[in-house]
There are 2 protein chains.
Amino acid sequence: MVRAGLTTERLTRAGAELADEVGFDQVTVSALARRFDVKVASLYSHLKNSQDLKTRIALFALEELADRVADALAGRAGKDALAAFADAYRDYAREHPGRYAAARFRLDPETAAVSAGARHAQMTRAILRGYDLTEPDQTHAVRMLGSVFHGYVSLELAGGFEHSVPDAQESWAWIVDSLDALLRNRATP
Amino acid sequence: MVRAGLTTERLTRAGAELADEVGFDQVTVSALARRFDVKVASLYSHLKNSQDLKTRIALFALEELADRVADALAGRAGKDALAAFADAYRDYAREHPGRYAAARFRLDPETAAVSAGARHAQMTRAILRGYDLTEPDQTHAVRMLGSVFHGYVSLELAGGFEHSVPDAQESWAWIVDSLDALLRNRATP
DNA sequence: CTAATTTGCCTAAAGCTATTAGGCAAATGC
DNA sequence: GCATTTGCCTAATAGCTTTAGGCAAATTAG
């Protein structure tokens with residue numbers, strides 16, 4: 001019989017696509033096997049288990065998102081950088097809701113250490129360089145930006161702003177504007 | 001044989017407790033049956049299915065959280081109200097992580113309509129009365145507050161601020177402060 | 001206070017997911 | 001062309017979900 005050509009790489013990518021189609025929670029080893037028209041047990045030569053699959057999808061999504069954000073930030077500073085960062089984040093979540101959810105999957109500390117998590121933190125701090133914040137304000141600001149963006153995107157994906165005015169895009173712009181003003185006000189004199 | 005005295009009410013409450021102990025995602029009809037020392041099939045006289053159980057826990061959590069927020073807001077206005085709202089929200093999530101997660105469970109529109117969701121929205125708007133915002137700014141502000149608080153609490157529960165300085169409480173205070181300033185700046189002259 | 005009815009929990013069974021063990025055939029190396 | 005490695009398979013166990021049908025306990029009626 002002809003082989004399917006499974007590899008951990010291909011399974012991870014297909015898992016990410018599956019996540020976008022059916023939701024990260026619904027990503028199962030069985031569903032993935034069906035997609036490759038292969039028996040479930042066959043995947044266990046390439047994946048330790050279900051948790052391993054999800055972890056790999058999470059790492060993949062974190063890298064991909066970090067790459068996008070890095071592209072968006074290139075050559076920008078100040079409010080421009082803030083808006084680019086915000087949009088990169090939100091656009092990724094809307095294009096790839098399953099991968100976005102994967103990127104929020106809780107990793108064990110050792111795995112988190114080798115993930116793109118650190119790049120994300122660095123890029124957030126890079127944006128704040130435009131606002132002259134000193135510690136501990138800078139850390140507070142990092143946390144605030146992470147909270148607003150993640151919170152907004154989660155609520156939007158959960159349908160929280162559907163069928164209501166003004167539309168989600170307008171509020172997003174208002175919020176980015178407000179955050180820029182807020183950070184300028186917090187600047188160390 | 002002696003009966004266990006199952007009711008939909010008791011199952012929902014026990015489900016909420018279970019959620020706090022093992023996480024909302026891990027709440028299963030089987031686990032709940034074990035907790036009552038009863039066979040799984042027995043629960044199906046009181047619950048339509050697993051989804052029904054989760055929906056009931058979600059509605060319960062939404063009510064409970066709304067009650068807490070209402071208590072916290074009583075007699076307060078302005079920044080005081082904002083801080084009380086924020087703390088009620090965060091404290092609930094830390095005391096009852098499973099219920100908090102349940103409160104974010106996506107409900108179908110008909111169920112959402114009879115949930116305490118509307119009370120939450122009203123209370124958020126009530127806080128903004130202290131800041132003289134007119135539409136559409138008020139709606140933008142409602143969305144922003146929801147995003148920041150939900151985002152911060154999710155990140156904190158996911159362990160995002162563990163083992164790092166300054167501690168989560170300090171950033172929370174800084175953020176509430178900043179939001180108060182932001183909203184005052186946005187006031188309609 | 002017993003008889004009829006309703007209600008509550010049980011057993012049984014089928015279907016889906018996760019995971020492990022062991023086998024045969026295809027691909028690869030010599 | 002033969003030996004080895006590798007890849008996908010079958011088989012089996014275990015847990016969760018859900019439905020169907022049964023018996024006993026609680027409730028109501030006579």
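Order of the sequence lines sets the chain letters (A, B, ...), proteins ahead of strands, with each chain counted from 1.
Rounding to whole angstrom units, CG of residue Leu6(A) and P of dT6(D) are separated by 16 Å. Here the C1' atom of nucleotide dA18(C) and the NZ atom of Lys54(A) are 12 Å apart, to the nearest Å. Rounding to whole angstrom units, NZ of residue Lys39(A) and C1' of dT17(C) are separated by 14 Å. Counting to the nearest Å, the P atom of dG15(D) and the CD atom of Gln26(B) are 16 Å from each other. In this entry the distance linking CG of Leu43(B) with P of dT18(D) reads 11 Å, nearest Å. Taking atom CG of Leu32(B) as the reference point, atom P of dT18(D) lies 13 Å away to the nearest angstrom. What separates OH of Tyr44(B) from P of dT19(D) is a distance of 7 Å, to the nearest Å. With rounding to whole Å, Asp25(A) atom CG is found 15 Å from dT17(C) atom C1'.
The side chain of Val38(A) lies closest to dC9(D), out of dT19(C), dC9(D), dT17(D). Distance from the side chain of Thr28(A) is smallest to dA18(C) among dA18(C), dT17(D), dA12(C). Of the candidates dT20(C), dA18(C), dC8(D), the closest approach to any side-chain atom of His46(A) belongs to dC8(D). Set against dT10(D), dT18(D), dT19(C), the side chain of Asn49(B) has dT18(D) as its closest nucleotide. For Ser42(B), whose side chain is taken as the heavy atoms from C-beta onward, the closest listed nucleotide among dT18(D), dC16(D), dC10(C) is dC10(C). Closest to the Arg34(B) side chain, of the nucleotides dC16(D), dT19(C), dC10(C), is dC16(D).
The side chain of Ser45(B) contributes no N or O atom lying less than 4.0 Å from OP1 or OP2 of dT7(C). The side chain of Ser50(B) places no N or O atom within less than 4.0 Å of a non-bridging phosphate oxygen (OP1 or OP2) of dC16(D).
Two residues are said to be in side-chain contact when any heavy atoms from C-beta on lie closer than 4.5 Å; His96(A) and Leu65(A) fail this criterion. Residues Leu43(A) and Leu53(A) have side chains not in contact (no heavy-atom distance under 4.5 Å, counting atoms from C-beta outward).
Residue-to-nucleotide proximity on DNA chain C shows that, of Ala41(A) and Ala31(A), the 5′-proximal contact is made by Ala31(A). Residues Val40(B) and Val29(A) each lie close to DNA chain C; by heavy-atom proximity, the contact nearer the 5' end of the strand is made by Val40(B).
Aromatic ring centres of Tyr100(A) and Tyr89(A) lie closer together than 6.0 Å.
The two residues Leu62(B) and His120(B) come nearest to each other via the heavy atoms O-NE2, 3.0 Å.
Using the six-membered ring where Trp is involved, Phe149(B) and Trp172(B) have ring planes that are tilted, between 30° and 60° apart.
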